[in-house]
Every structure is written in C-alpha cells, then in structure tokens.
Amino acid sequence: TLIISAAIIAIAMGLGLNQVGSGFASRSSEGISVTGSARVSATADKAVWTLNAEQVAPTISESVRKVEAATNSVTKYLTDGGVPSDSIELGSVSAYPQEEYVNGNSTGRILNYRGSRTITVRSDDVQLIKKLSNGIGSLLQSGVSVTNYGPQFYVSKLSELRPELLKQAMEDAQVRAKAIVEATGGKVGNVMSVRSGPFQVTSPDAVDISAGGYYDTSTIEKTITSTVTVMFKVN
C-alpha cells in the first residue's frame, strides 16, 4: 500500500511540475510586463499669485470707488514689497446687486452692491511671492478687504527634465525585468512594447497621484516622478 501511494504521489508531482513548466513557457512566449520608475527633486521657478479686492456698498458707484481704493492699497503693498509694477496685472472691475431673501425666496429688494477686482502677480522670484503671501495679514489689519487665493508655484523646465526621467525609468524597468526573469532561469530579450505613464509633480514625500497625471502647485520644492511600462521578450 505504501509503495502504491508513493507511486501515485510521484506521478502527480511529475504531472504538476510539467504543468508549471508549460505555464512558464507560455508566459515566456508572451513576454513579461514590468513598470519602471524614476524621480527627481526640483525647485519651482515661476509663481502665479491671484488676489481679489472686494467691497460692499449701498450703491454701485460707491462699491466701485471702494474697490478702486482697495486695489490701490494692494498694489502699493506689492510694489513696496519688491514686486515690479509690470508683474502686476489688474482685471476689470465688476459689481452686482445682493438681493434680500426670506425663507429662501427673493423679496426683490436690493440690500447692497458687491464690487470686486482680480489682481494677478506673475514672478520668477518665488521666495518673495511666498513671503508677501504669508504677510498679507498686515494689509487685512489695515482694513483692506482682499481675498488671498494663495500663490501657485510651477517648474518651467519640466519639458527639459522629461527625456532624462524617461530614460532612467526605462533603465529601472530593465533592471527589474532582469531580476525577475533570471530568478526563474530565463533571460531578458528584446523590448516588445513601451508605454509611458503620466508625470506626477508632487510635494516632497507626498503620495498623491492621478491616472491622468498630478501637478501640485502649493509648494516650491517638488518631486517629479515618471513611469514606463515595458513588455520584454523572455528567452
């Protein structure tokens, strides 16, 4: 009985190993797909900062006049802080009525008018813009009503970094494929296909990613990551 059982087990193991071997051969004929990645640290060199001067008054003309005064105060704060006047772009003045509502329904009565004007700053001095944004409280304390949307920081040379990052990601994919295939006794062959993934621009050590690409503009220091998915033939 023991001899018969041992024989059955041996036959079963042999068939199983044969199936495993066939599986590897099948996958080898199709190739192996590996994703490689590369990342680099970068510092933003462009800043776009948007503010909005807002004022409320009983009449349109008064709201516009107050907005103009607030705009002048904001512009003075920026230029006194070191921002060149030609780096400041003023939007058009707008004003709209604010109606009275009772139980969610308009009474048709106009309470006041809200005027506003956008102020956009574009600068290569990212540290100066960050400093002025952090210090905007001093302007608010003086009674100027302005909404600070916060500066956005960009890396202008991203297109120049892409080729090198893709090259490094490709090299990483080759290293990974070699480690996987050689562990099973095979060899990595020619590249069958390559697909580049979207670039992810994040704050340092962040894990935010998006299938369509991610671009964090809140920080000056950034990490840029690229990926490639490569199909290698296996010999």
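It should be emphasised that the depicted structure is a prediction, and the values quoted were computed from it without experimental measurement.
At a threshold of 4.0 Å, the pair Glu68-Arg117 counts as salt-bridged, since one of the basic side-chain nitrogens sits closer than that to a carboxylate oxygen. Using a cut-off of 4.0 Å between Lys/Arg side-chain N and Asp/Glu carboxylate O, Glu182 and Lys187 are scored as not salt-bridged.
Under 3.5 Å, the side chains of Ser218 and Asp216 contain a donor-acceptor pair of N or O atoms. Under the 3.5 Å distance criterion, with hydrogens and angles disregarded, a donor-acceptor pair is assigned to the side chains of Ser116 and Ser94.
Counting heavy atoms from C-beta outward, Phe232 and Ile32 have side chains that approach closer than 4.5 Å. Side-chain contact between Leu158 and Tyr215 is present, with at least one heavy-atom pair separated by less than 4.5 Å.
Using a 4.5 Å cut-off between side-chain heavy atoms of Ile, Leu, Val, Met, Phe, Trp and Tyr, Val121 falls into a hydrophobic cluster with Trp49, Leu51, Val74, Tyr77, Leu78, Val83, Ile88, Leu90, Ile119, Leu128, Ile129, Leu132, Ile136, Leu139, Leu140, Val144, Val146.
For the pair Thr59 (side chain) and Glu62 (backbone), a donor-acceptor distance under 3.5 Å is present. Asn134 places a side-chain N or O within 3.5 Å of a backbone atom of Lys130 that can act as its donor or acceptor partner. Looking only at distances, no side-chain donor or acceptor of Asn103 sits under 3.5 Å from a matching main-chain atom of Asn105.
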Atom pairs and distances, side-chain donor-acceptor, residues 33-48, under 3.5 Å, sequence neighbours left out:
residue, atom, partner, partner atom, Å
Thr35, OG1, Thr229, OG1, 3.3
Thr43, OG1, Glu221, OE1, 2.9
Thr43, OG1, Glu221, OE2, 3.3
Asp45, OD1, Ser156, N, 2.9
Asp45, OD1, Ser156, OG, 3.1
Asp45, OD2, Ser156, OG, 2.6
Lys46, NZ, Asp124, OD1, 2.7

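In the hydrophobic cluster analysis, where Ile, Leu, Val, Met, Phe, Trp and Tyr join through side-chain heavy atoms closer than 4.5 angstrom, Tyr154 is grouped apart from Val126.
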Step-by-step side-chain hydrogen bond (donor to acceptor under 3.5 Å, both in side chains) determination, Ser63 to Gln55: CA-CA 6 Å; Ser63 68; Gln55 293 291 331; over 6 Å; no
Can you check side-chain hydrogen bond (donor to acceptor under 3.5 Å, both in side chains) on Ser106 and Glu99, steps first, answer last? CA-CA 7 Å; Ser106 174; Glu99 298 182 10; 2.5 Å; yes
